[in-house]
Amino acid sequence: MIHENKLIITVDGPAAAGKSTVSKVLSQRISYIYLDTGALYRAFAYKASGYGILPDDERNLSELCEKMRVSLMRIDGDMSILVNGEDVTQKIRTEQIGFLASKISAVPAVRKALLSLQREAGEKGGIIAEGRDMGTVVFPYADLKFFLDADVRERVQRRYLEMLEKGDNADFEEVRMSLIQRDQQDMSREISPLRQTDDSIFIDTTTLSVEEVVETMAGIIEKAIKNNE
Ligand code: DC
């Protein structure tokens, strides 16, 4: 599909498979927009928890969807996420909010509310959209689809080290349990479950460095861009 000669590229996969890190680097390298859709669900979860709304309270979550104005802004080259004017970019980066986002993302009203926002961001192409249902539901006609995965032990280790580096109080076993449960929730929910499509390129990042994954993907992307010119 041609979008003013710029492609729609999707990157899906489970938590801590390396999606965000490589998508960010690649989008800068080819001057594409990086759409972190997990951040949208996290922002929503953050607001819901602030109002004391439980993840199974569909009525209040629906109401919150109507009140919430989410916007993505580029500040100093990095993407910031604002909810009703409040910058929540850093506040949403905890495993608790990630877990809550996973629970809340199973609610149909929440997925519906965030769908148009994601499609609007990508309709003109020139985007790397990263999440769980990019290639299946949000951009099923994407030009190029990737699915990243890694052994669960490696993913837990990565998330654990990331938390320690940030100075968070991390417990390996808690991180492990949260990640495993989150994967299960994301793969087994009724709408838009995490699933690899037949037309996506699978990359196992377990034994690869960030640079190796980036180079592998960049090679494929640059070829696709050339073919599209
Ligand atoms: O990628 P992440 O860890 O920031 O995402 C947090 C949660 O948000 C994830 O566990 C499930 C949900 N999510 C989703 O349901 N669909 C997406 N496209 C992105 C994230």
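Remember, it's 1-based here, ligands and their atoms both numbered in the order they're listed. All values reported here derive from a predicted model rather than from experimental measurement.
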Salt-bridged, [X] to [Y], with N to O below 4.0 Å?
X: Asp36; Y: Arg93; result: yes
X: Glu229; Y: Lys226; result: no
X: Asp149; Y: Arg155; result: yes
X: Arg182; Y: Glu95; result: yes

Where is the nearest protein heavy atom to [atom]: which residue, which atom, and how far?
atom: atom 4 (O) of ligand 1; answer: Arg42 NE, 2.6 Å
atom: atom 16 (N) of ligand 1; answer: Arg111 NH2, 3.0 Å
atom: atom 8 (O) of ligand 1; answer: Tyr41 CB, 3.5 Å
atom: atom 12 (C) of ligand 1; answer: Ser105 OG, 3.7 Å

Do the side chains of [Y] and [X] get nearer than 4.5 Å, heavy atoms only?
X: Arg132; Y: Met187; answer: no
X: Ile30; Y: Ile9; answer: yes
X: Thr216; Y: Ile203; answer: yes

key: Nearest neighbour of atom 17 (C) of ligand 1 from the list Gln185, Arg189, Arg132, Gln181, on a heavy-atom basis   =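 Minimum heavy-atom distance to atom 17 (C) of ligand 1 goes to Arg132.
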Heteroatom proximity flag, [X] to ligand 1, N/O under 3.5 Å:
X: Thr37; answer: yes
X: Arg159; answer: no
X: Arg182; answer: yes
X: Asp36; answer: no

task = For Glu86 and Lys91, run salt bridge (Lys or Arg N to Asp or Glu O under 4.0 Å): C-alpha distance rounded to whole Å, both residues' side-chain angles, the deciding distance at 0.1 Å, then the answer.
result = CA-CA 11 Å; Glu86 180 191 354; Lys91 296 172 194 157; 2.7 Å; yes
Enumerated ligand 1 atoms positioned under 4.0 Å from heavy atoms of Gly131 =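 Numbered from 1, ligand 1 contributes 18 (N), 19 (C).
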query = Going by the order shown, which atoms of ligand 1 are within less than 4.0 Å of some heavy atom of Asp186?
reply =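 Counting atoms of ligand 1 from 1, those under 4.0 Å from Asp186 are 9 (C), 10 (O), 11 (C).
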message = Please classify the Ala15 to ligand 1 contact at 4.0 Å (heavy-atom distances, strictly less than): side chain, backbone, both or neither.
response =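 Contact part for Ala15 vs ligand 1: neither.
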task = May I ask you to identify, for Met134, whether its side chain, its backbone, both or neither come under 4.0 Å of ligand 1 on a heavy-atom basis?
result =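 For Met134, the contact with ligand 1 is made by the side chain alone.
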message = Can you classify the ring geometry of Tyr160 versus Phe172 as parallel (below 30°), tilted (30 to 60°) or perpendicular (above 60°)?
response =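 Ring orientation of Tyr160 relative to Phe172: perpendicular.
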